[in-house]
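Notes for the one structure printed next.
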Amino acid sequence: MQHALFIYGTLMPGLRLEAEMHGARFVGAAQVPGRLVDVGRYPGLLHGEGQVTGEVYEVDDAHLARLDAVEDMVPGHRAASQYWREEVTVVGGPLHGQRVQTYVYNCPTEDCTPIGHGDYRRYIREVGRES
């Protein structure tokens, strides 16, 4: 089975974990509802006001299972997961209205820096961080 997956951080091309996406098919640029925070070496998407910028890829079941492990998601056990895969609706870009899956950050965020504009690539350029 094929799945549409929205990515917004280090899995994107040119960033630290891009190799994890090899074999996925690029579908298009997109924005989803929510907000981003800097949780250290990567961002976390949270529910809330705003839009998060990223890309949608098509992945199969096996690839999605590998990404679950990369994102420290324990299927069937949300409390033990750093990220939790959820379905959201694209609100911006050519895929507007499409339902996609994405990884939502599932840990406390009190000490995390907000990324107000919702664009992780722009953020790492602004703060001079390598990803």
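Everything numeric here is computed off the predicted structure, so don't read it as measured data. Positions are given from 1 along the sequence.
- Linking ILVMFWY residues whenever their side-chain heavy atoms come closer than 4.5 Å, directly or via other members, places Leu11 and Leu46 in the same cluster.
- Under the 4.5 Å side-chain criterion, counting only non-hydrogen atoms from C-beta, Ile115 is in contact with His117.
- For Val37 against Cys112, the heavy-atom pair with the smallest separation is CB-CB, 3.8 Å.
- Residues Asn106 and Arg78 meet the side-chain proximity criterion, which asks for heavy atoms closer than 4.5 Å.
- One finds the OH atom of Tyr8 at 10.0 Å from the OH atom of Tyr103 (value rounded to the nearest 0.5 Å).
- Looking at Glu55 and Arg121, a side-chain N of the basic residue comes within less than 4.0 Å of a carboxylate O on the acidic one, giving a salt bridge.
- Here the side chain of His3 pairs no donor or acceptor atom with the backbone of Leu5 at under 3.5 angstrom.
- In terms of heavy atoms, Pro75 sits closest to Asp68 at CG-OD2, 4.3 Å.
- Counting heavy atoms from C-beta outward, Ile7 and Thr102 have side chains that stay 4.5 Å or more apart.
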Exercise for the section: Kindly indicate, with the supporting measurements, whether the criterion side-chain contact (heavy atoms from CB on, under 4.5 Å) is fulfilled by Val32 and Thr89. Expected result: CA-CA 6 Å; Val32 301; Thr89 302; over 6 Å; no
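- Of the possible polar contacts, one joining the Arg16 side chain to the Arg41 backbone as a donor-acceptor pair under 3.5 Å is found.
- Residues Val56 and Ala4 come closest through the heavy atom pair CG1-CB, 4.1 Å.
- More than 12 heavy atoms of other shown residues, nucleotides or ligands fall within 6.0 angstrom of atom NE2 in His22.
- Inspection of the Tyr42 and Glu71 side chains reveals no N or O donor paired with an N or O acceptor under 3.5 Å.
- In this structure, Tyr83 is not a member of the same hydrophobic cluster as Val74, with clusters built from ILVMFWY side-chain heavy atoms closer than 4.5 Å.
- Residues Val52 and Val104 share a single hydrophobic cluster, defined by chaining ILVMFWY side chains whose heavy atoms lie under 4.5 Å apart.
- A donor and an acceptor atom, one from each side chain of His96 and Gln31, are nowhere located under 3.5 Å apart.
- Across every non-hydrogen atom of Ala29 and Pro94, the tightest pair is O-CD, 3.4 Å.
- Rounding to the nearest 0.5 angstrom, the gap separating the CD atom in Glu58 from the NE2 atom in His63 is 12.0 Å.
- For the atom pair CE of Met1 and CG of Leu64, the computed distance is 10.0 Å after rounding to the nearest 0.5 Å.
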Practice task
Take Glu86 and Gln101 through the side-chain contact (heavy atoms from CB on, under 4.5 Å) test and state the conclusion after the steps.
Solution key: CA-CA 5 Å; Glu86 297 182 11; Gln101 294 184 52; over 6 Å; no
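- Note that the OH atom of Tyr105 and the CZ atom of Arg35 stand 12.5 Å from one another [nearest 0.5 Å].
- Between Trp84 and Gly76, the closest heavy-atom pair is CH2-N, 3.7 Å.
- Under the 4.5 Å side-chain heavy-atom criterion for ILVMFWY residues, a single connected hydrophobic cluster contains both Phe6 and Phe26.
- Considering only heavy atoms from C-beta on, Val59 comes within 4.5 Å of Met21 through its side chain.
- For Tyr123, there are no ring-ring contact (aromatic ring centres under 6.0 Å, His included) partners at least two apart in sequence or on another chain.
- Residues Leu45 and Val27 share a hydrophobic cluster, clusters being chains of Ile/Leu/Val/Met/Phe/Trp/Tyr side chains in contact below 4.5 Å.
- Val100 places none of its side-chain heavy atoms less than 4.5 Å from the side chain of Glu87.
- Taking CG of Asp111 as the start and OG1 of Thr109 as the end, the distance is 9.0 Å to the nearest 0.5 Å.
- Rounded to the nearest 0.5 Å, atoms OG (Ser81) and CE (Met73) are 6.0 Å apart.
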